[in-house]
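Below is one structure, written out as structure tokens; the observations come after it.
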Amino acid sequence: MRVRIGLLAGTFAVLLWLEWRRPLRRTVEPKRRRLGRNLAIAALGALAVQTVEMPVVLPLAGLVERRGLGLLHLVPLPTWAALPLALVLMDYTLWVWHVLTHRVPWLWRFHVVHHADLDLDASTALRFHFAELAISVVWRAGQVAVIGVGPGALVAWQTALLVSTMFHHSNVRLPYRLERALVRVVVTPRMHGIHHSQVRGETNSNYSVVFSWWDRLHRTLGLNIPQSDIVIGVPAYADPADNRVLNNLLLPFRRQRDYWRRLDGTPVERDRPTLPEKRSRMAE
Ligand SMILES: [Zn+2]
């Protein structure tokens, strides 16, 4: 537990330092204000995880292991094979859940709070509406039961998920060639930056969480948008007042705006649509 917390806090601190030294995108808001707001939303989210997710999912994982339930128990597997397989299957089914949170309107109401951030950095990784986290417990329980994930693999996966999420949300400029190599396997800051663009077609791409394979497989990958061309956020919720803690928490329960139009009614589109055949080539 202590090692885990140290690893997560250490990752966050290193990313914070790198964001200050080597920023990837220009930012709109001061860092302190963003950190305060996102950590307040994150604290409520952490409470939801501790009070709703853990009491359901952890005992379920124990039961799955004792009774030998789920896909991974259909054939006897050595630990060195079972653990990576559990992580890969959890990641793939999380990709499916992420697509659902974008495509199912009542789920998007909650997920949009995460996307309404006006900048993108490691703190955005922790900024999820507590109700989205509570609702996702149903999916998480299904993942654990169907795949057959025991408590050890579940905790390993949760740790990998948080480290990866903080990394790909971070505003860190990695050397281009390094990132181009990394993105073949894992989700990187440039790849995920496109997922937070104000352009609808760009937000509805790059759903992967740990491994980038799932978007290649489903042709939902788009890497050819330069980061300097990206405006982060959701057009209808880009007013700084929308981004106060209370307004973020109330957003899902209020009448929804036309997400992809600015407040003055103009749609957000890209002037020069990029060529679809070059979508898998990462832009700087
Ligand atoms: Zn999303």
Side-chain angles (χ1 to χ4, degrees), residues 12 15-16 19 23 25-53 97-139 162 165-166 168-171 192-204 206-207 209 230-269:
F12 191 72
L15 290 171
L16 210 62
E19 283 171 343
R25 291 166 294 264
R26 271 211 262 163
T27 54
V28 186
E29 286 188 299
K31 191 83 161 179
R32 265 208 211 159
R33 194 195 305 165
R34 294 179 37 62
L35 270 179
R37 178 198 308 129
N38 286 353
L39 292 180
I41 299 173
L44 286 172
L47 198 68
V49 170
Q50 288 306 322
T51 57
V52 186
E53 181 174 339
W97 173 251
H98 190 190
V99 173
L100 289 174
T101 61
H102 279 246
R103 304 226 173 130
V104 178
W106 71 269
L107 289 176
W108 172 248
R109 270 176 180 257
F110 296 96
H111 188 59
V112 74
V113 175
H114 172 68
H115 279 269
D117 204 349
L118 298 174
D119 288 300
L120 194 61
D121 63 20
S123 75
T124 315
L126 310 171
R127 172 203 159 109
F128 285 91
H129 195 286
F130 64 86
E132 178 180 357
L133 296 171
I135 294 163
S136 72
V137 173
V138 180
W139 188 266
L162 267 167
T165 312
M166 285 194 270
H168 68 234
H169 281 92
S170 73
N171 190 28
H192 202 70
I194 296 168
H195 182 72
H196 280 259
S197 157
Q198 284 199 4
V199 179
R200 184 181 197 167
E202 292 166 16
T203 294
N204 291 333
N206 301 356
Y207 297 103
V209 182
I230 296 175
V231 181
I232 300 289
V234 177
Y237 292 93
D239 192 88
D242 293 324
N243 219 357
R244 293 195 188 118
V245 174
L246 189 64
N247 285 339
N248 271 302
L249 297 177
L250 293 174
L251 198 167
F253 309 105
R254 285 178 165 157
R255 194 193 160 91
Q256 302 291 288
R257 298 178 190 155
D258 185 352
Y259 302 105
W260 308 105
R261 282 177 193 274
R262 297 184 186 93
L263 286 172
D264 64 7
T266 53
V268 175
E269 277 149 7

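Since the model is a prediction, treat every value here as computed from it, not as a measurement. Just so it is clear, the values below take in all heavy atoms, side chains as well, and ignore hydrogens, waters and symmetry mates.
Residues satisfying the side chain to side chain contact (heavy atoms under 4.5 Å, CB included) criterion with A42, sequence neighbours excluded, are L126. Shown here are the salt bridge (Lys or Arg N to Asp or Glu O under 4.0 Å) partners of D258, two or more places apart in sequence or in another chain: R261. Under the salt bridge (Lys or Arg N to Asp or Glu O under 4.0 Å) criterion, R244 pairs with no residue, sequence neighbours left out. The salt bridge (Lys or Arg N to Asp or Glu O under 4.0 Å) check on R257 picks up D242, with sequence neighbours excluded.
Looking at R25 and I232, their side chains come closer than 4.5 Å, going by heavy atoms from C-beta outward. With a 4.5 Å cut-off on side-chain heavy atoms, V268 and W260 do not count as touching. Two residues are said to be in side-chain contact when any heavy atoms from C-beta on lie closer than 4.5 Å; E29 and N243 meet this criterion. Looking at I230 and H196, their side chains never come closer than 4.5 Å, going by heavy atoms from C-beta outward. Between L120 and N171, every side-chain heavy-atom pair lies at or beyond the 4.5 Å cut-off. Inter-residue side-chain proximity for H115 and W108 is flagged as met; some heavy-atom pair is nearer than 4.5 Å. Under the 4.5 Å side-chain criterion, counting only non-hydrogen atoms from C-beta, W97 is not in contact with V209.
Contact between L251 and Q256 at its shortest, heavy atoms only, is O-NE2, 2.8 Å. The nearest pair of heavy atoms linking L35 to S123 is CD2-CB, 3.8 Å. Here the shortest heavy-atom pairing between P235 and Y259 reads CD-O, 3.3 Å. The two residues Y237 and R255 make their nearest non-hydrogen contact at OH-O, 4.2 Å. Here the closest non-hydrogen pair linking F128 and I41 is O-CG2, 3.7 Å. Here the closest non-hydrogen pair linking N206 and H192 is O-ND1, 4.2 Å.
Contact check on E269 versus R200 returns no salt bridge, with no Lys/Arg side-chain nitrogen under 4.0 Å from an Asp/Glu carboxylate oxygen.
The salt bridge (charged side-chain N to carboxylate O under 4.0 Å, His left out) analysis of residues 102-119, with sequence neighbours excluded, yields the pairs R34-D117, D117-R127.
Aromatic pair H114/H129: ring centres not closer than 6.0 Å.
The 12-atom threshold is exceeded at CZ of R254, counting heavy atoms of other residues, nucleotides or ligands nearer than 6.0 Å.
Remark: the backbone N or O of T165 is paired with a side-chain donor or acceptor of H169 at under 3.5 angstrom.
Shown are V113, N38, V112; of these, the side-chain contact (heavy atoms from CB on, under 4.5 Å) with N248 is made only by V113. Of the candidates H98, H168, E202, H98 is the only one forming a side-chain hydrogen bond (donor to acceptor under 3.5 Å, both in side chains) with H195.
E19 CD to D121 CG: the interatomic distance, rounded to the nearest 0.5 Å, is 4.5 Å. Within the model, atoms CZ of F110 and OG of S136 stand 11.5 Å from one another, a figure rounded to the nearest 0.5 Å.
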Using distance only, find each side-chain donor-acceptor pair of residues 44-52 under 3.5 Å and give its atom names and separation, not counting sequence neighbours.
unit_1, atom_1, unit_2, atom_2, d
T51, OG1, L47, O, 2.7

Stepwise side-chain contact (heavy atoms from CB on, under 4.5 Å) test for T203 and Q198: CA-CA 7 Å; T203 294; Q198 284 199 4; over 6 Å; no
